[in-house]
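Counting starts at 1 for both ligands and their atoms, in listed order. Just so it is clear, the structure is predicted and the values come from calculations on it, not from any experiment. Keep in mind that the numbers below use all heavy atoms, side chains included, and drop hydrogens, waters and symmetry copies.
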Amino acid sequence: MNKSVVLALGFMLSGVFISAQAFEKKAPQDFDTEKKEIPHGKIDTIQYSSVTVGTTRKALVYTPPGFKQGNKYPVLYLLHGIGGDEKEWFRNGTPQIILDNLYAKGKLIPMIVVLPNGRAMKDNRATGDIMAKDKVEAFATFEKDLLNDLIPFVEKKYPVKKDRNDRAIAGLSMGGGQTLNFGLGNIDRFAWIGAFSAAPNTKEPEQLLPDPSKAKQLKLLWISCGDQDRLMPFSKRTSDYLTENKIPHIFYVEPGGHDFKVWKNDLYLFSQLLFRPIKQGDINLMLKSE
Ligand code: FER
């Protein structure tokens, strides 16, 4: 069970590069157990008008425990996979429980989490042939919907910080590919990037980041994948390219396949790193202590 996992760490910290190290880690057993006695965040469904798609589209929004209109919050956009929609994380990953539990332990910077529908087309349900060309292409079209329609809507409706340093993008599988494609393609918009088990929609490294030096502006570039996941090559080739080009990033390989057990663990770890100065010691401590 407690297999050691290999974490290749390249860090933003004073330009220091740290190579592969072994850690024992995983989220504590009750990290996704609902606890009645702690404060809870709130999940809402929002609807926004999308010029990109020409329809009204839905997203879920999690506001943290103690959320106040008078405060300003950073935002994490958290994307689903090919078989899902805006409810996939909520149904299968219970991010609201994971995050509530982390807040109760004082381990998170208060943030708003937006769960969009990443299939930017009129019929955006995960029904019929989910691998159909138009449905797969809609995951690429979502870049425009996200940047031009959803983010502006969220920034109008919620009290959010609008600087790139206060905006994160992460996702699982197709959403992991979207995260790398959109995040690295729009470094002026996102400073925190987390790709969980990125799918074949991930652009080739040279296309993803033609000018590797641009990635130095990132606060965090996290790539993770289960060691039994057949999509591993897409994460590995991206990490290899970053390493070759001396781009600081975390490449976190964990025991597991292509499933929510892995993605929930990723959210648990990745979310704790967001919107605060990253210290190598903190990461080591976090990964060793669980
Ligand atoms: C593929 C294999 C997997 C693919 C997409 C996926 C578009 C995505 C999986 C997921 O989101 O879980 O060949 O091609």
Side-chain angles (χ1 to χ4, degrees), residues 32 52-53 57-60 76-95 98 113-146 150 168-185 190 193-208 221-241 251-271:
D32 61 348
T52 304
V53 181
R57 311 194 72 232
K58 287 184 181 162
L60 302 191
L76 164 63
Y77 292 86
L78 185 60
L79 313 179
H80 62 80
I82 201 158
D85 58 22
E86 72 277 5
K87 290 193 179 140
E88 186 185 35
W89 266 103
F90 177 64
R91 286 201 179 118
N92 303 318
T94 59
I98 296 172
V113 181
V114 179
L115 311 173
N117 181 307
R119 194 182 288 100
M121 62 194 293
K122 289 200 164 74
D123 176 5
N124 61 17
R125 298 297 110 193
T127 49
D129 179 7
I130 56 172
M131 292 291 206
K133 193 162 172 277
D134 60 336
K135 297 200 183 202
V136 170
E137 279 170 5
F139 278 86
T141 309
F142 180 62
E143 179 170 9
K144 279 208 179 71
D145 179 87
L146 174 66
L150 178 57
I169 183 165
L172 69 90
S173 201
M174 281 299 270
Q178 286 176 311
T179 291
L180 291 169
N181 296 346
F182 308 166
L184 294 175
F190 302 98
I193 293 178
F196 311 159
S197 318
N201 62 330
T202 308
K203 290 181 183 171
E204 303 251 347
E206 291 76 10
Q207 243 194 316
L208 204 49
L221 178 48
W222 161 293
I223 295 170
S224 54
C225 196
D227 61 0
Q228 303 299 312
D229 190 333
R230 67 185 176 84
L231 299 186
M232 173 64 89
F234 300 98
S235 292
K236 181 153 189 320
R237 77 175 184 201
T238 311
S239 171
D240 286 348
Y241 175 83
F251 181 42
Y252 171 52
V253 177
E254 63 207 282
H258 196 72
D259 57 47
F260 265 97
K261 189 162 180 288
V262 164
W263 303 322
K264 289 167 80 168
N265 186 55
D266 294 337
L267 178 65
Y268 174 85
L269 295 173
F270 174 76
S271 61

Item to check | Proximal ligand 1 atoms for M131, defined as those under 4.0 Å from one of its heavy atoms | outcome: 1 (C), 2 (C), 4 (C)
Checklist entry - Does P200 reach ligand 1, in the sense of a heavy atom lying below 4.0 Å from it? => result yes
Next on the checklist: Applying side-chain contact (heavy atoms from CB on, under 4.5 Å) to N92 and W263, what does each step give before you reach the verdict?
Outcome noted: CA-CA 10 Å; N92 303 318; W263 303 322; over 6 Å; no
Checklist entry - Any N or O on G81 sitting closer than 3.5 Å to an N or O of ligand 1? => result no
Item to check | K264 and F196, any side-chain heavy atoms less than 4.5 Å apart | outcome: no
Checklist entry - Going by heavy atoms, is H80 under 4.0 Å from ligand 1? => result no
Item to check | Within the 6.0 Å centroid threshold, strictly below: Y252 and F270 | outcome: no
Checklist entry - Would you say ligand 1 has an N or O under 3.5 Å from any N or O of S173? => result yes
Checklist entry - Salt bridge or not for D85 and R125, using N-O below 4.0 Å? => result yes
Next on the checklist: Run the side-chain contact (heavy atoms from CB on, under 4.5 Å) test on E254 and D266 for me, step by step, so that the C-alpha distance in whole Å, both residues' side-chain angles and the decisive distance to 0.1 Å come before the verdict.
Outcome noted: CA-CA 9 Å; E254 63 207 282; D266 294 337; 2.5 Å; yes
Next on the checklist: Using a 3.5 Å cut-off on N or O atoms only, is H258 in polar contact with ligand 1?
Outcome noted: yes
Checklist entry - Would E143 and N181 count as having a side-chain donor-acceptor pair, cut-off 3.5 Å? => result no
Checklist entry - Are any of the N/O atoms in M174 less than 3.5 Å from those in ligand 1? => result yes
